[in-house]
Each structure stands twice: as C-alpha cells, then as structure tokens.
Amino acid sequence: RLQVVESGGGSVQAGGSLILSCVVSGFTSNRFSDTCMAWFRQTPGKEREGVAHIHTRFGLTYYADSLKGRFTISHDNAKNTLYLQMNNLKTEDTAIYYCATGSPTSRSCSGSTYTIWGQGTQVTVSS
C-alpha cells in the first residue's frame, strides 16, 4: 500500500552539506499530513540508530543529541516529501540513511513504531 523512496545521497567532503529527500506514495486522502516520518542510519557492523523524526501535522521534532544543530528535518505535505538537511558533515556521519513512516501515538512521534521503510541512500563523508 505504501512505498518510501529516498534519494540525494552521495560523497562529500567533511564540513560539506547534503540534502536527502524521501517521497512517500500510496497514502490515501491527506494522510501524509498527519503521520510520523523519520530518518535512521546504519553503518556496517553497527546497530541502526535514529537520526530525526517529525510529526507532519503538529511539527514536533526529535534529533539525536549528537546531531542537534547540524541536521534539520522538514517536510512538504503538498509533495508527500520528507527532507533531511545535513550541514557540517563529519566522517562519522558516513552511513546508509533510511526513511520510514509510522503511526503517531500522540502529538509527538515519541514511541511510534515505524513499519514502512525505504531502500536507503548512501552518504559517504571523506576527510
């Protein structure tokens, strides 16, 4: 029913910036404007970690502590698209970045379960 497709990954130098996009298809009516959307990332050999999430109706956001001030999550409900603006990239940001959607449990997305995932997009940061 739902499909999530990420794009925008690539190779950048440390200190550079990159914008990731995530297009969601398969929602009926205006459901994209009332759901939870999130970015995760995973490095080979390590556990997947949460990057950021946002409630597309109420706008409440979450960021991993180490990413606050560098990453910004946003969305465009008219385009059913989620974005991740990544600034001042560091080599440790190298990972496959995944977009996911899930059902809200409150006005925030804390505690939400993400059930629909994209294929991931590779971000490589070199020094």
When you look at Val12 and Met86, which way does the side chain to side chain contact (heavy atoms under 4.5 Å, CB included) test go after all the steps? CA-CA 11 Å; Val12 298; Met86 303 184 292; over 6 Å; no
From [X] atom [atom1] to [Y] atom [atom2], the distance as rounded to the nearest 0.5 Å:
| X | Y | atom1 | atom2 | result |
| --- | --- | --- | --- | --- |
| Asn80 | Ser25 | CG | OG | 8.5 Å |
| His55 | Thr61 | NE2 | OG1 | 12.5 Å |
| Leu89 | Ser127 | CG | OG | 13.0 Å |
| Trp39 | Ile54 | CH2 | CD1 | 12.5 Å |
| Thr81 | Met37 | OG1 | CE | 9.0 Å |
| Ile96 | Gln122 | CD1 | CD | 5.0 Å |

Who pairs with [X] by side-chain hydrogen bond (donor to acceptor under 3.5 Å, both in side chains), at least two apart in sequence or on another chain?
| X | answer |
| --- | --- |
| Arg31 | Thr28 |
| Ser17 | Asn87 |
| Thr43 | none |
| Ser108 | Ser106 |

Hey, is CZ on Arg70 packed in by over 12 heavy atoms from elsewhere, all under 6.0 Å? yes
Atom CD of residue position Glu92 - does it have more than 12 heavy atoms of other residues, nucleotides or ligands inside 6.0 Å? yes
Do [X] and [Y] share a hydrophobic cluster (ILVMFWY, side-chain heavy atoms under 4.5 Å, transitive)?
| X | Y | result |
| --- | --- | --- |
| Val123 | Tyr83 | no |
| Ile73 | Val51 | yes |
| Ile116 | Phe32 | yes |

Could you tell me which non-hydrogen atom of [X] sits nearest to which non-hydrogen atom of [Y], and how far apart they are?
| X | Y | result |
| --- | --- | --- |
| Pro104 | Asp34 | CG-O, 4.2 Å |
| Ser112 | Ser103 | OG-O, 3.2 Å |
| His75 | Thr56 | CE1-O, 3.2 Å |
| Cys109 | His53 | CB-CD2, 3.5 Å |

Any side-chain heavy atom of Glu49 sitting closer than 4.5 Å to one from Arg41? yes
Does some side-chain heavy atom of Val23 sit less than 4.5 Å from a side-chain heavy atom of Val4? no
Give me each pair satisfying disulfide (SG to SG under 2.5 Å) with a member in residues 61-107, each pair once, sequence neighbours excluded. Cys22-Cys99
The test is side chain to side chain contact (heavy atoms under 4.5 Å, CB included); show your working for Leu82 and Val24 and say whether it passes. CA-CA 8 Å; Leu82 180 75; Val24 181; over 6 Å; no
If you look only at pairs with a residue in residues 89-125, which of them pass as a ring-ring contact (aromatic ring centres under 6.0 Å, His included), with sequence neighbours excluded? Phe40-Tyr114, Phe40-Trp117
Okay, side chain of Gln119, backbone of Glu6: is any donor-acceptor separation there less than 3.5 Å? yes
Look at the side chain of Thr121 and the backbone N and O of Gly9, then say whether any donor-acceptor pair between them is shorter than 3.5 Å. yes
For a side chain to side chain contact (heavy atoms under 4.5 Å, CB included) check, start with the C-alpha distance between Thr101 and Thr115, then their side-chain angles and the critical distance, and finish with the verdict. CA-CA 6 Å; Thr101 184; Thr115 56; 5.7 Å; no
Side chain to side chain contact (heavy atoms under 4.5 Å, CB included) assessment of Thr72 paired with Leu84: CA-CA 6 Å; Thr72 302; Leu84 184 67; over 6 Å; no
